[in-house]
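First the proteins, then the strands, lettered A, B, ... as listed; each starts at 1.
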Protein chains: 2
Amino acid sequence: MEDLDRRIVALLASDGRLSFTDLAKETGLSVSAVHQRVRRLQERSAIKGYRAVVDHEAAGLPLTALVSITPFDASAPDDIPDRLRDIHQIVSCWSVAGEENYVLQVRVASPCELEELLARIRTAAAVTTRTTVVLSTPWEDRSPFTD
Amino acid sequence: MEDLDRRIVALLASDGRLSFTDLAKETGLSVSAVHQRVRRLQERSAIKGYRAVVDHEAAGLPLTALVSITPFDASAPDDIPDRLRDIHQIVSCWSVAGEENYVLQVRVASPCELEELLARIRTAAAVTTRTTVVLSTPWEDRSPFTD
DNA sequence: TATGAAAAGTAAACAGG
DNA sequence: CCTGTTTACTTTTCATA
């Protein structure tokens, strides 16, 4: 990726609603040139979409946890992500190198819902779970490009 | 939070660039009413901002890791987030219940940069680190509201 | 807290270098 | 791959219920 594209991506990663006018000012390009570059970045999926950053406490999902999972049967074919994809409380699913096979980031309304969710994960994916509850979030989902 | 606000938040969480016109269609409100509600949600920080969802491979930061950290000196006052805040490779910082005190999500360009980053984290925050490298990411940062 | 209408600003498509 | 122009749409503000 070119340096100009990198700048555009960094700018949109920290403010996804920047207008093309502002992007043009920041990059020194014309509005049309920025527009074309952003469109290309989206077509190539270098920019995959845009989202509002939500305060999950305010939105009724105050409890976050990290759930490490290990299959019961290590020899079974690994279709775990497919088995978990429809569980919307799982906001991230990482395949990891380490003692466990996957780490999931989950968001729920209450400890009680976490309990239900863990049961659902275990049965859906045939795994054991090790859960780390998040107590507070100093920050989250920051852009790594702001250097 | 009201039900209408929750719908608006959910819509913007999955598409942060939805126009007020489209939000109005989806919610049955007028454009101005949606506009006011979104503005209020932003003022109350229920919506904290907007970001582009970036393909980190394409953007030159293909390596993600989860770093669990434990202070050398458990009796020292805990200002760890403050000591780590300026390290932009740390995209998330969660205070957790468990063996370790914090889990960090980090993004770097290469194993070599990860090594440097871990050294920086250890000296900046006076901690030991346990690092779990992410091998692949079936999905990430999904909206938990799409039910 | 809602509405509709007007003014200002922006996005998208286009022609051309 | 860039630029400037045009058209259509969107955002924002305002008067009003």
Side-chain angles (χ1 to χ4, degrees), chain A residues 1-62 109 141-147, chain B residues 1-62 109 141-147:
Chain A
M1 195 189 290
E2 249 181 275
D3 207 57
L4 266 172
D5 286 330
R6 236 181 273 281
R7 287 242 321 266
I8 291 171
V9 165
L11 287 162
L12 287 174
S14 58
D15 181 358
R17 282 207 154 177
L18 264 185
S19 68
F20 293 105
T21 313
D22 289 338
L23 281 173
K25 278 177 201 154
E26 296 277 351
T27 55
L29 289 172
S30 69
V31 173
S32 326
V34 177
H35 193 261
Q36 281 180 71
R37 276 178 185 265
V38 171
R39 193 157 39 78
R40 271 194 300 270
L41 287 165
Q42 290 170 172
E43 278 163 8
R44 294 173 198 156
S45 297
I47 293 174
K48 295 191 270 184
Y50 300 87
R51 10 200 55 173
V53 182
V54 173
D55 181 332
H56 291 91
E57 311 240 348
L61 296 176
D141 294 330
R142 230 169 37 168
S143 165
F145 304 110
T146 318
D147 256 322
Chain B
M1 195 189 288
E2 249 180 276
D3 207 57
L4 266 172
D5 286 330
R6 234 181 275 281
R7 286 240 327 262
I8 291 171
V9 165
L11 287 162
L12 288 173
S14 58
D15 181 356
R17 283 206 153 179
L18 265 185
S19 69
F20 293 105
T21 313
D22 289 338
L23 280 174
K25 278 177 201 155
E26 296 278 351
T27 55
L29 288 173
S30 70
V31 172
S32 325
V34 177
H35 190 260
Q36 280 181 74
R37 275 175 186 270
V38 171
R39 193 158 38 77
R40 272 195 299 269
L41 287 165
Q42 289 170 173
E43 278 162 8
R44 294 174 199 157
S45 296
I47 293 174
K48 295 192 269 185
Y50 299 87
R51 7 201 57 172
V53 182
V54 172
D55 181 332
H56 291 92
E57 311 239 347
L61 297 176
D141 293 329
R142 227 163 45 161
S143 167
F145 305 110
T146 319
D147 258 320

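- Across all non-hydrogen atoms, the minimal contact from A:S45 to B:D55 is O-CB, 3.2 Å.
- A distance of 4.5 Å separates CZ of A:R37 from CG of A:L4, quoted to the nearest 0.5 Å.
- Here chain A contacts DNA chain D (any atom closer than 4.0 Å to a heavy atom, that is under 4.0 Å), and the contacts span D:dC1 to D:dT5 from 5' to 3'.
- In this structure, the side chain of A:R51 engages the main chain of B:D141 through a donor-acceptor pair within 3.5 Å.
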remark   = Intra- and inter-strand pairing of DNA chain C, written as dot-bracket with Watson-Crick and G-U pairs under 3.5 Å and | for the latter, reads ||||||.||||||||||
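- Per the geometry, CZ belonging to B:F20 stands 13 Å off C1' belonging to C:dT10, to the nearest Å.
- Ring orientation note: the planes of B:F20 and B:H35 are nearly perpendicular, at an angle over 60° on the 30°/60° scale.
- Using a 4.0 Å heavy-atom cutoff across all strands shown, A:R37 reaches sugar-phosphate atoms only and no base atom.
- One cannot find a donor-acceptor pair under 3.5 Å joining the base of C:dG4 and the side-chain atoms of B:S30.
- Considering all non-hydrogen atoms of both residues, A:R7 and A:T27 come closest at NH2-CA, 3.6 Å.
- B:S32 comes within 4.0 angstrom of a nucleotide base, judged by non-hydrogen atoms across all strands.
- The heavy-atom pair separating A:A109 from A:G60 by the smallest distance is CB-O, 3.5 Å.
- Residue contacts shown for A:R17 are absent, as no nucleic acid heavy atom lies under 4.0 Å away.
- Separation of the P atoms belonging to C:dA12 and D:dT12 is 15 Å when rounded to the nearest angstrom.
- The nearest whole Å value for the distance from the NE2 atom in B:H35 to the C1' atom in C:dG4 is 15 Å.
- Nearer the 5' end of DNA chain D, as judged by each residue's closest nucleotide, is the contact made by A:R40, out of A:R40 and B:D22.
- Counting only distance, with no hydrogens or angles, the side chain of B:R17 and the backbone of A:G16 share a donor-acceptor pair below 3.5 Å.
- Comparing B:E2 and A:Q36, the nucleotide of DNA chain C nearest to each residue sits closer to the 5' end for B:E2.
- Between A:K48 and B:V54, the shortest heavy-atom distance links the atoms CE-O, 3.7 Å.
- In this structure, A:L41 CG and A:E2 CD are separated by 9.5 Å, a value rounded to the nearest 0.5 Å.
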